[in-house]
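Below is one structure; the comments refer to it alone.
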Amino acid sequence: MNSTNPNNKFPESALNNVFALVDCNNFYASCERLFNPKLEKKPVIVLSNNDGCVIARSNEAKATGIKMGAPAFEFKELITKHRVHVFSSNYALYGDISNRIMSILYELAPDVEVYSVDEAFLDLSKMKFEDLAAFAKKIRKTVKQWVGVPVSVGIGPTKTLAKIANHVAKKNPEYANIVNLCTIENTDNLFKTIPVSGIWGVGRAYSNFLMERGIHTVYDFKKSDENWVRKHMGVIGQKTLFELRGVSCLSLEAFAPDKKNICISRSFGTPLGSFEDLEQATSTFVTRAAEKLRLQKSCARAVFVFVMTNRFSNTPKYVNSTLIQLPVPTSITSEIIHHSLKGLKKIYRPGYKYKKTGIILSDLIPDDQLQYGIWDDLNRENFTGLMQVVDKINARVGQGAVKFAVQGTKKQWKMHQERLSPQYTSKWNELLTIKI
DNA sequence: TCTGGGGTCCTAGGACCC
DNA sequence: TCTGGGGTCCTAGGACCC
């Protein structure tokens with residue numbers, strides 16, 4: 001390992017830090033409720049693409065026994081029996097609601113790290129200790145009042161502890177969605193009641209590993225030997241251990257770094273057999289990925305293309321992929337499509353029913369560090385200008401307003417979304433109308 | 001019938017070099 | 001009869017997150 005790797009170093013002590021984690025309660029389900037108040041107190045679930053798996057559940061839905069991440073068809077009976085309201089995922093809606101919530105947090109707190117669509121860390125180190133509880137209440141109240149989504153707030157001296165605090169706040173109604181570990185007398189007693197799997201950074205594999213060795217709770221893990229943890233869980237596990245002991249190893253990252261890979265992939269509603277259909281899907285994926293690429297002002301040096309048949313069915317299976325080095329780092333959609341389709345041709349085999357394909361743009365570099373090849377005969381300036389115009393039109397008129405011919409118009413590969421709610425906040429013709 | 005999508009980081013081990 | 005050692009780079013795979 002590189003000796004300059006900063007990951008080996010821990011601050012001596014960081015007890016003066018205070019972090020908060022603000023996390024939306026059952027976010028997607030709460031978003032669906034916003035425009036549909038009849039759903040209050042009713043079980044609500046949201047499904048993944050193609051209406052496949054359960055990816056969000058209201059508390060009432062959790063109580064019915066519907067499992068997170070499991071295929072929806074396994075719960076058909078429960079859904080009917082408990083009259084669960086089912087929605088296809090509506091990412092345009094959730095993204096917009098998320099932006100509104102985050103902008104409130106930016107307004108209320110000095111330093112914010114948007115960690116995911118429904119979570120943000122706040123650095124409250126500069127805030128007076130006695131003001132923390134009131135501040136957490138203010139966050140909850142403001143977000144609820146201005147946007148309508150309930151949130152939970154966990155506070156602690158490290159990010160990992162703030163995560164745990166949030167976990168406790170959500171699981172135990174008596175805390176009313178706010179837990180501040182800094183003011184709890186004996187956190188060890190609390191930690192004895194939380195399973196080790198509740199720790200941020202301890203997933204399924206590690207929690208099985210730990211439980212087999214008698215480490216069942218957060219408390220057990222916190223008391224584990226540092227070197228043993230380092231040996232079996234690497235530097236990340238060691239950091240987690242330190243964080244649980246109150247030593248801050250993970251700082252607030254206010255600025256999201258550029259992506260190192262950009263991936264677009266989809267499962268198809270109906271499996272595809274023909275090359276033309278896959279070609280249309282693949283070029284559409286490249287188009288979206290290249291938009292994202294240009295948004296962060298990067299160019300890709302390679303593109304990875306993959307295809308696969310349904311891994312669950314008994315039909316003939318085929319999985320293949322190819323990595324294509326682009327002759328010149330580029331963000332020009334047509335150029336990346338050209339190379340991707342060459343790759344697709346290489347791995348396509350007729351006779352299979354393809355369930356999923358995708359592309360990954362990789363080896364990304366900032367677009368101001370380009371080195372053009374000597375034999376490059378493409379007029380890059382013209383194409384870059386064209387891309388800017390296309391991006392502008394699509395941003396204004398709507399995604400896909402201007403397309404490449406190869407993307408086709410039939411969209412054979414479209415998803416199943418039988419229970420999609422309207423884009424209440426981001427499409428003019430789907431705005432909510434209220435009759436008075 | 002029906003099983004998501006998009007990311008990151010770390011580590012071990014092989015290739016290669018001197 | 002002998003068969004080094006240290007370093008870098010790359011990749012695949014495994015872990016995690018939401």
Side-chain angles (χ1 to χ4, degrees), chain A residues 1-8 21 23-24 26-28 45-56 67-76 79 86-91 94-95 98 113-121 159-160 163 166-167 197-210 229-240 249-250 253 256-271 285 288-289 292-293 296 302 304 306 308-315 321 323 353 355-364 415-419:
Chain A
M1 181 182 282
N2 188 342
S3 63
T4 60
N5 187 340
N7 295 329
N8 279 328
L21 177 69
D23 193 326
C24 300
N26 316 323
F27 182 54
Y28 296 168
I45 61 173
V46 177
L47 307 182
S48 63
N49 284 342
N50 285 311
D51 296 340
C53 298
V54 179
I55 54 168
K67 294 272 176 292
M68 181 70 171
F73 67 83
E74 289 179 3
F75 298 104
K76 252 187 168 156
I79 288 170
V86 181
F87 290 91
S88 304
S89 38
N90 185 344
Y91 293 110
Y94 312 148
S98 172
E113 173 187 342
V114 176
Y115 179 68
S116 76
V117 69
D118 71 331
E119 287 173 77
F121 285 103
K159 282 173 140 185
T160 304
K163 267 272 188 187
N166 197 291
H167 176 93
S197 60
I199 301 171
W200 187 40
V202 178
R204 207 173 50 180
Y206 281 143
S207 53
N208 286 339
F209 172 83
L210 291 169
V229 170
R230 167 74 203 222
K231 188 176 162 206
H232 293 100
M233 298 172 68
V235 64
I236 296 183
Q238 195 186 9
K239 278 189 183 182
T240 299
C249 305
L250 307 169
E253 288 170 37
D258 283 343
K259 299 261 179 286
K260 297 176 176 177
N261 294 289
I262 294 174
C263 171
I264 303 282
S265 72
R266 288 288 178 280
S267 296
F268 307 127
T270 314
F285 299 161
R288 285 206 203 138
K292 291 189 180 189
L293 186 65
Q296 70 166 36
F304 183 81
F306 64 89
M308 56 180 74
T309 51
N310 191 335
R311 63 197 164 108
F312 297 104
S313 71
N314 293 323
T315 49
S321 62
L323 179 70
K353 288 287 182 194
K355 179 64 179 169
K356 178 175 179 174
T357 66
I359 64 108
I360 303 172
L361 302 180
S362 62
D363 224 343
L364 310 187
M415 294 185 287
H416 287 309
Q417 288 184 305
E418 291 181 10
R419 295 163 176 277

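Each chain gets a letter, A, B and so on, in the order its sequence line appears, and its residues count up from 1.
One interatomic measurement links the two molecules: CG of Leu21(A) to P of dC17(C), which rounds to 14 Å at whole-angstrom precision. Summarising the geometry, the separation between CG on Asp118(A) and P on dC17(C) is reported as 14 Å, rounded to the nearest angstrom. Computed from coordinates, the Phe87(A) CZ to dG4(B) C1' distance equals 19 Å when rounded to whole Å. Protein atom OH of Tyr115(A) is 11 Å distant from nucleotide atom P of dC9(B), rounded to whole Å. Rounded to whole Å, the distance from CZ on Phe121(A) to C1' on dC17(C) is 10 Å. Across the protein-nucleic acid pair, Ile236(A) atom CD1 and dC9(B) atom P stand 9 Å apart, rounded to whole Å. Note: CD (Glu74(A)) to C1' (dT3(B)) measures 8 Å, nearest angstrom. Atom-to-atom, NZ of Lys260(A) to P of dT8(B) comes out at 7 Å; the value is rounded to the nearest Å.
At a threshold of 4.5 Å between non-hydrogen side-chain atoms, the residues Thr357(A) and Arg266(A) do not count as touching. Annotation: side chain of Leu210(A) is in contact with side chain of Val202(A) (closest heavy-atom distance under 4.5 Å). Residues Ile264(A) and Lys292(A) are in side-chain contact: their nearest non-hydrogen atoms beyond the backbone lie under 4.5 Å apart.
Glu119(A) comes within 4.0 angstrom of sugar-phosphate atoms only, judged by non-hydrogen atoms across all strands, and of no base. Here Asp51(A) lies out of heavy-atom contact (under 4.0 Å) with every strand. Residue Ile264(A) is classed as a sugar-phosphate contact, given heavy-atom separations below 4.0 Å to backbone atoms only. Across all strands shown, Leu47(A) has no heavy atoms under 4.0 Å from either base or sugar-phosphate atoms. Contacts of Val202(A) with the nucleic acid, taken as non-hydrogen atoms under 4.0 Å apart, involve only primed sugar atoms and P, OP1 or OP2.
Of the residues Val54(A), Ile79(A), Val46(A), the one that meets the side-chain contact (heavy atoms from CB on, under 4.5 Å) test with Val86(A) is Ile79(A). When each of Ile359(A), Ile360(A), Asn261(A) is tested with Phe304(A) by the rule side-chain contact (heavy atoms from CB on, under 4.5 Å), just one qualifies, namely Ile360(A).
When the nucleotides dG5(B), dT8(B), dC18(C) are ranked by their closest atom to the side chain of Ser116(A), dC18(C) comes out on top. Closest approach to the Ser265(A) side chain among dG5(B), dA15(C), dT11(B) is made by dG5(B) (side chain taken as heavy atoms from C-beta onward). The side chain of Arg266(A) has dG6(B) as its nearest neighbour among dG6(B), dT11(B), dG4(B). Listed nucleotides: dC17(C), dA15(C), dG4(B). Nearest to the side chain of Ile55(A): dG4(B).
Between the side chain of Gln296(A) and the backbone N or O of Lys259(A), at least one donor-acceptor pair lies under 3.5 Å.
Note on Lys163(A): every side-chain N or O is 4.0 Å or more away from OP1 and OP2 of dC17(C). When the side-chain nitrogen and oxygen atoms of Lys355(A) are compared with OP1 and OP2 of dT3(B), one or more of them lie within a distance under 4.0 Å. For Asn261(A) and dG6(B), the shortest distance from a side-chain N or O to OP1 or OP2 is not below 4.0 Å. In terms of phosphate contacts, Ser267(A) brings no side-chain nitrogen or oxygen within less than 4.0 Å of OP1 or OP2 of dT3(B). Residue Lys356(A) places at least one side-chain N or O closer than 4.0 Å to OP1 or OP2 of dG5(B). A sub-4.0 Å separation between OP1 or OP2 of dT3(B) and a side-chain N or O of Lys67(A) is absent. Taking 4.0 angstrom as the limit, Ser48(A) places none of its side-chain polar atoms (N or O) nearer than this to OP1 or OP2 of dT3(B).
If Met233(A) and Phe312(A) are placed on DNA chain B by their nearest nucleotide, the residue sitting closer to the 5' end is Phe312(A). The residue among Gly234(A) and Gly269(A) whose nearest nucleotide of DNA chain B is located toward the 5' end is Gly269(A).
Using cut-offs of 30° and 60° on the angle between ring planes, the pair Tyr115(A) and Trp200(A) is perpendicular. Between Tyr94(A) and Tyr91(A), the angle of the ring planes goes over 60°, which puts this pair in the perpendicular group of the 30/60° scheme.
Using C1' as the reference atom, dG4(C) and dC16(B) are 16 Å apart when rounded to the nearest Å.
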Strand DNA chain B in bracket notation, Watson-Crick/G-U under 3.5 Å with | for pairs to another chain: ....||||||||||||||

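Across Gly52(A) and Leu47(A), no two heavy atoms sit closer than the pair N-CB, 4.5 Å.
Counting atom types as modelled, Lys259(A) pairs no side-chain N or O with a base atom of dT8(B) as donor and acceptor under 3.5 Å.
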